Asks: 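Supplied in structure tokens, the structure appears directly below.
Bear in mind the structure is a predicted one, so any value in this text is a computation, not a measurement. FYI, the numbering just counts along the sequence from 1. The analysis underlying the following values was restricted to heavy atoms, covering all of them including side chains, and did not include hydrogens, waters or symmetry mates.
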Amino acid sequence: MRPKRAPEEEQQVSEPQEAGYDVVILGAGSGGYACALRASQLGLRVALVDAAELGGTCLHRGCIPTKALLHAAEVADEARQAARVGVQTTFDGVDGPGLLAYQQSVVDRLYQGLQGLVAAAGVDWLPGRGHLVAADTVAVRGEQGTQLVRGRHVVIATGSQVRTLDGVALGARIVSSDQALRLERVPTRALVLGGGVIGVEFASIWSSLGAQVTIVEALDSLLPAEDPAISKGLVRALKKRGISVRTGARVASAHEDDDAAHLVLEDGTTLDGDLLLVAVGRGPVTADLGLAEAGVELDEAGFVRTDERLQTTAPGVYAVGDVVRGLQLAHRGFRHGIVVAERIAGLDPAPVPEENIPRVTYCDPQVASVGLTEPAAREQFGDEIDTVEQSLAGNGKSQILGTSGMVKMVRRRGGPIVGVHLLGARMGEQIGEAQMLVNWEAYPQDVAPLVHAHPTQNESLGEAALALAGTPLHSHN
Ligand code: NAD
């Protein structure tokens, strides 16, 4: 049996250890555990504090379970559409508990591996809710009482959490992504509030699994941060799949009753569904952590203020991952964690330029990008840019898979490739080469002679580089 937790005021507070740690990390998600592993590799004494499981949002409530559902959705589509390739199958439906068990089995395997890694690295795992009582001391309230843990450096890695809008209260039918991941039944008519990454991924999952889906987005396109050509192509592709997309539609309120969820738009229209997913962004977890008292300033939205070295306004305190304003992506958190560990160890790692972090949305068709969109490149370089849009229509492997889509590349005129934007089934896997091109500032003429294996979707990147270098191969002009 678990020991009963003593009320807070009765708990004993231990004295801080004399020697203390080199680094105390608050939050064991992607940013926090990456920092712990790298710091330990560099010979530092590390404590990792978290009230929940090691692995954080990405492993337990984010990337991994969602991508497992997206894979199941792809399998359902393949089964339903097998006749296209001359294979006879019948699609009998979705086994909700079976789907959840598959999803959980993937999470469990990775969780076990991660626990082993952290233990093997010699990191001290301190389970409990932590808060700063000084810039160098974290109080950890665990099952045995409260322990004061001292560190020469403290890293805030508490991540982000779901948020909703005023007038949209979460409930049984109005849910966040946390609840949407645990549904035992596929909704029949699903409403999705917010056409960002989470909204589009869940819309894709539910549509593949048999739901009628409507996405409502306030701005003029889905995935509004992506290149306009890609967002437009995505809307076309989702509509073709039967997903209803309402852009330029602001939501005023939502309510639910026993039978349905109701979404009221600012123009007075009401949309009904048996489930409403709220996906309007995630907020930082920075409240009640003693940050202000320890001298760690927050911005107006509650994100931790840092300089480009991820140093907060309190000396010796750093912040990594989703608590730092910017892209809320697990791989950004990993990089932040590594960079901060190296700085603490006295190394001088390069800062992480935000626009060169790769972004992938795993809907069907997938969207992947790195670097500048065309409008962002125009803002920096005016008309001194060249762009190419290479359709996947001529790409053999894409035709085999039955996907349409495109590669869009942007270069600074006479200079390197500054942006790569991809749309198409499985195109997320091509982000590896795309990010090398942008981060290593490759010129199209450097890429043109490189041989891309045939038949792969990867060839489409080679073709786009050939076109930008002025030597297009599979082209009518
Ligand atoms: P988001 O910021 O990507 O999208 C939210 C969307 O909601 C925006 O397009 C916004 O215009 C819209 N919106 C806001 N208020 C609205 C209103 N009143 N009416 C209609 N639309 C409104 O946020 P998200 O999709 O919730 O995702 C949260 C974070 O998690 C993002 O930073 C995302 O990058 C990250 N994430 C990434 C992945 C991935 O990399 N594959 C997957 C899931 C989540």
Asks: Hey, are Arg426 and Glu74 close enough for a salt bridge, meaning a charged N less than 4.0 Å from a carboxylate O?
Replies: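 Result for this pair is yes, salt bridge flagged.
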Asks: Could you report the tightest heavy-atom contact between Tyr102 and Ala68, atom names first, then the distance?
Replies: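 Closest pair (atom of Tyr102, atom of Ala68, distance): CE2-O, 3.3 Å.
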Asks: With no hydrogens and no angle check, just 3.5 Å: does a side-chain donor-acceptor pair link Asn356 and Gln435?
Replies: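 Note: Asn356 and Gln435 side chains miss the donor-acceptor criterion.
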Asks: Ignoring hydrogens and geometry beyond distance, is a side-chain donor-acceptor pair present between Thr66 and Glu201 at under 3.5 Å?
Replies: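 Judged by distance alone, the side chains do not pair up.
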Asks: Can you check side chain to side chain contact (heavy atoms under 4.5 Å, CB included) on Ser207 and Val213, steps first, answer last?
Replies: CA-CA 6 Å; Ser207 173; Val213 182; 4.1 Å; yes
Asks: Can you name the one residue among Leu276, Asp274, Leu277, Leu209 that meets side chain to side chain contact (heavy atoms under 4.5 Å, CB included) with Pro187?
Replies: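 Checked Leu276, Asp274, Leu277, Leu209 against Pro187; only one passes side chain to side chain contact (heavy atoms under 4.5 Å, CB included): Asp274.
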Asks: What closest approach, in Å, do Ile243 and Ala203 show between heavy atoms, and which atom pair accounts for it?
Replies: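 Ile243 and Ala203 have their closest heavy atoms at CD1-O, 3.8 Å.
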Asks: Should the ring pair Phe334 and Tyr33 be called parallel, tilted or perpendicular, given that the plane angle runs from 0 to 90° and is split at 30 and 60?
Replies: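 Perpendicular: the ring planes of Phe334 and Tyr33 meet at over 60°.
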Asks: Where do Arg61 and Leu181 come nearest, in terms of heavy atoms and distance?
Replies: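 Heavy atoms only, the tightest pair is O-CD1, 3.3 Å.
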Asks: Nearest 0.5 Å please: distance from the CD atom of Gln41 over to the CD1 atom of Ile338.
Replies: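 So the gap between those two atoms works out to 8.5 Å.
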Asks: Salt bridge check, Asp299 against Arg325: does any charged N sit closer than 4.0 Å to a carboxylate O?
Replies: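 Salt bridge between Arg325 and Asp299, a charged N being under 4.0 Å from a carboxylate O: yes.
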Asks: Please assess Ser398 against Gln457 for the test side chain to side chain donor-acceptor pair (under 3.5 Å), listing each intermediate value before the final yes or no.
Replies: CA-CA 6 Å; Ser398 296; Gln457 286 184 294; 3.2 Å; yes
Asks: Can you name the closest pair of heavy atoms from Ile230 and Val367 and give their distance?
Replies: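 Smallest heavy-atom distance, with atoms named: CG2-CG1, 3.7 Å.
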Asks: Does His60 use its side chain to pair, donor to acceptor, with the backbone of Leu54 at less than 3.5 Å?
Replies: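 At least one qualifying donor-acceptor pair exists.
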Asks: Spell out, as yes or no, whether a donor-acceptor pair under 3.5 Å connects the side chain of Thr286 to the backbone of Gly302.
Replies: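 Yes.
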Asks: Tell me, do Leu437 and Met409 make a side-chain contact under 4.5 Å, heavy atoms counted?
Replies: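 Yes, side chains in contact.
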Asks: Could you check whether any side-chain heavy atom of Leu422 comes within less than 4.5 Å of a side-chain heavy atom of Leu461, counting everything from C-beta outward?
Replies: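 Touching, per the 4.5 Å side-chain cut-off.
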Asks: Looking at Lys67, I'd like to know if its NZ atom is crowded, meaning that more than 12 non-hydrogen atoms belonging to other residues, nucleotides or ligands lie closer than 6.0 Å.
Replies: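 Enclosed: over 12 neighbouring heavy atoms sit under 6.0 Å from NZ of Lys67.
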Asks: Is it the case that more than 12 heavy atoms not belonging to Asp288 sit under 6.0 Å from its CG atom?
Replies: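 Result for CG/Asp288: open.
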Asks: Do His421 and Glu374 have side-chain N/O donor and acceptor atoms under 3.5 Å apart?
Replies: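 Side-chain D/A pair, His421 to Glu374: absent.
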Asks: Is Pro444 close to Ile417 at the side-chain level, that is, under 4.5 Å between some pair of heavy atoms?
Replies: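 A side-chain contact under 4.5 Å exists here.
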Asks: Under a 4.5 Å cut-off applied to non-hydrogen side-chain atoms, are Leu423 and Gln366 in contact?
Replies: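 Not in contact.
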Asks: Could you go step by step and tell me if Arg246 and Glu217 meet the salt bridge (Lys or Arg N to Asp or Glu O under 4.0 Å) rule?
Replies: CA-CA 6 Å; Arg246 299 178 75 124; Glu217 164 58 48; over 6 Å; no
Asks: Please determine whether side chain to side chain donor-acceptor pair (under 3.5 Å) holds for the pair Asn395 and Ser460, giving the CA-CA distance in whole Å, both sets of side-chain angles, and the decisive distance to 0.1 Å.
Replies: CA-CA 6 Å; Asn395 176 264; Ser460 62; 4.7 Å; no
Asks: Evaluate the side-chain proximity of Pro365 to Leu234: yes if any heavy-atom separation is below 4.5 Å, no if none is.
Replies: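 Counting from C-beta outward, Leu234 and Pro365 do come under 4.5 Å.
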Asks: Answer yes if the ring centres of His71 and Tyr362 are under 6.0 angstrom apart, and no otherwise.
Replies: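 Centroid separation for His71 and Tyr362: 6.0 Å or greater.
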Asks: We want to know whether Glu226 and Ser369 form a side-chain donor-acceptor pair, criterion being a heavy-atom distance below 3.5 angstrom.
Replies: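 Their side chains do contain a donor-acceptor pair, which is all the 3.5 Å distance test asks for.
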Asks: Are a donor atom and an acceptor atom from the side chains of Thr214 and Arg189 found within less than 3.5 Å of each other?
Replies: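 No donor-acceptor contact under 3.5 Å links the two side chains.
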Asks: For the CZ atom on Arg412, are there more than 12 heavy atoms of other groups (residues, nucleotides or ligands in this structure) within a distance under 6.0 Å?
Replies: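 No - once you tally the heavy atoms of other residues, nucleotides and ligands closer than 6.0 Å, there are 12 at most.
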Asks: Test side chain to side chain contact (heavy atoms under 4.5 Å, CB included) on Ile25 and Val49 and set out the steps.
Replies: CA-CA 6 Å; Ile25 302 166; Val49 179; over 6 Å; no
Asks: Nearest 0.5 Å please: distance from the CG atom of Leu327 over to the CZ atom of Arg332.
Replies: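 Spacing of CG (Leu327) from CZ (Arg332) equals 6.0 Å.
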Asks: Taking C-beta and beyond as the side chain, do Val118 and Leu37 meet within less than 4.5 Å on heavy atoms?
Replies: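 Side-chain contact under 4.5 Å: yes.
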Asks: For a quick check under 3.5 Å, do Gln430 and Asn458 share a side-chain donor-acceptor pair by atom type?
Replies: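 Yes, a side-chain donor-acceptor pair sits under 3.5 Å.
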Asks: Please report the closest heavy-atom contact between Arg163 and Val278, naming both atoms and the distance.
Replies: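 Smallest interatomic distance, heavy atoms only, reads O-CG1, 4.1 Å.
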Asks: Could you pull out the closest heavy-atom pair between Glu184 and Leu100, with the gap in Å?
Replies: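 Distance-wise, the nearest heavy atoms are CG-CD1, 4.0 Å.
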Asks: Is it the case that atom CD in Glu53 sees more than 12 heavy atoms from other parts of the structure closer than 6.0 Å?
Replies: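 Yes - once you tally the heavy atoms of other residues, nucleotides and ligands closer than 6.0 Å, there are more than 12.
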Asks: Within a reach of under 6.0 Å around CD of Gln115, are more than 12 heavy atoms found that belong to other residues, nucleotides or ligands?
Replies: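 Count over threshold, so yes.
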Asks: Check the pair His336, Tyr318 against ring-ring contact (aromatic ring centres under 6.0 Å, His included), reporting the backbone distance first and the verdict last.
Replies: CA-CA 10 Å; His336 276 185; Tyr318 290 84; over 10 Å; no
Asks: Taking atom CD of Glu429 as the centre, does the number of heavy atoms from other residues, nucleotides or ligands within less than 6.0 Å exceed 12?
Replies: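 Atom CD in Glu429 is not packed in, count stays at 12 or less.
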Asks: If you measure from CD on Gln103 to CG on Leu70, what distance do you get to the nearest 0.5 Å?
Replies: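 Taking CD in Gln103 and CG in Leu70, the distance rounds to 10.5 Å.
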Asks: As an exercise, state the distance from CZ of Arg241 to NZ of Lys239, rounded to the nearest 0.5 Å.
Replies: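 Between atom CZ of Arg241 and atom NZ of Lys239 there are 15.0 Å.
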Asks: So Leu392 and Glu463, do their side chains get closer than 4.5 Å, heavy atoms only?
Replies: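 Heavy-atom side-chain distance check fails, nothing below 4.5 Å.
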Asks: Testing Val388, Val447, Thr387, Val410 one by one against Leu468 for a side chain to side chain contact (heavy atoms under 4.5 Å, CB included), which residue passes?
Replies: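 Looking at Val388, Val447, Thr387, Val410, the match for Leu468 under the side chain to side chain contact (heavy atoms under 4.5 Å, CB included) is Val388.
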Asks: By the definition side chain to side chain contact (heavy atoms under 4.5 Å, CB included), identify the one residue from Leu275, Leu263, Asp272 that meets it with Leu191.
Replies: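 Going through Leu275, Leu263, Asp272 one by one, the side chain to side chain contact (heavy atoms under 4.5 Å, CB included) with Leu191 is satisfied by Leu263 alone.
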Asks: Quick check for you: to the nearest 0.5 Å, what is the distance between Thr373 atom OG1 and Arg378 atom CZ?
Replies: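 Interatomic distance, Thr373 OG1 to Arg378 CZ, rounded to 0.5 Å: 10.5 Å.
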Asks: Heavy atoms, side chains only, cut-off 4.5 Å: are Ile357 and Leu329 in contact?
Replies: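 They are in contact (side-chain heavy atoms under 4.5 Å apart), so the answer is yes.
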Asks: Looking only at side chains, do His262 and Glu256 share a donor and an acceptor under 3.5 Å apart?
Replies: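 There is no such pair (donor and acceptor under 3.5 Å, judged by atom type) between the side chains of His262 and Glu256.
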Asks: May I ask you to decide whether Arg413 forms a salt bridge with Asp386, counting only side-chain N to carboxylate O separations under 4.0 Å?
Replies: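 A salt bridge links Arg413 with Asp386.
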Asks: Is the number of heavy atoms from other residues, nucleotides or ligands within 6.0 Å of CG (Asp166) greater than 12?
Replies: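 Atom CG in Asp166 is not packed in, count stays at 12 or less.
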Asks: Step by step, would you call Lys408 with Asp227 a salt bridge (Lys or Arg N to Asp or Glu O under 4.0 Å)?
Replies: CA-CA 9 Å; Lys408 177 168 177 174; Asp227 188 276; 2.9 Å; yes
Asks: Regarding Glu459 and Lys397, does a basic nitrogen lie under 4.0 Å from an acidic carboxylate oxygen?
Replies: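 Salt bridge between Glu459 and Lys397, a charged N being under 4.0 Å from a carboxylate O: no.
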Asks: Do Arg182 and Gln179 have a side chain donor and acceptor closer than 3.5 Å?
Replies: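 No, no side-chain donor-acceptor pair sits under 3.5 Å.
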Asks: Rounded to the nearest 0.5 Å, what's the gap from CZ on Arg359 to CD1 on Ile431? Could you check?
Replies: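 Answer for the CZ-CD1 pair, Arg359 versus Ile431, is 7.5 Å.
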Asks: Establish, from distance only, whether the side-chain atoms of Asp220 and Thr247 form a donor-acceptor pair under 3.5 Å.
Replies: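 On atom types as modelled, these side chains do not qualify, holding no pair under 3.5 Å.
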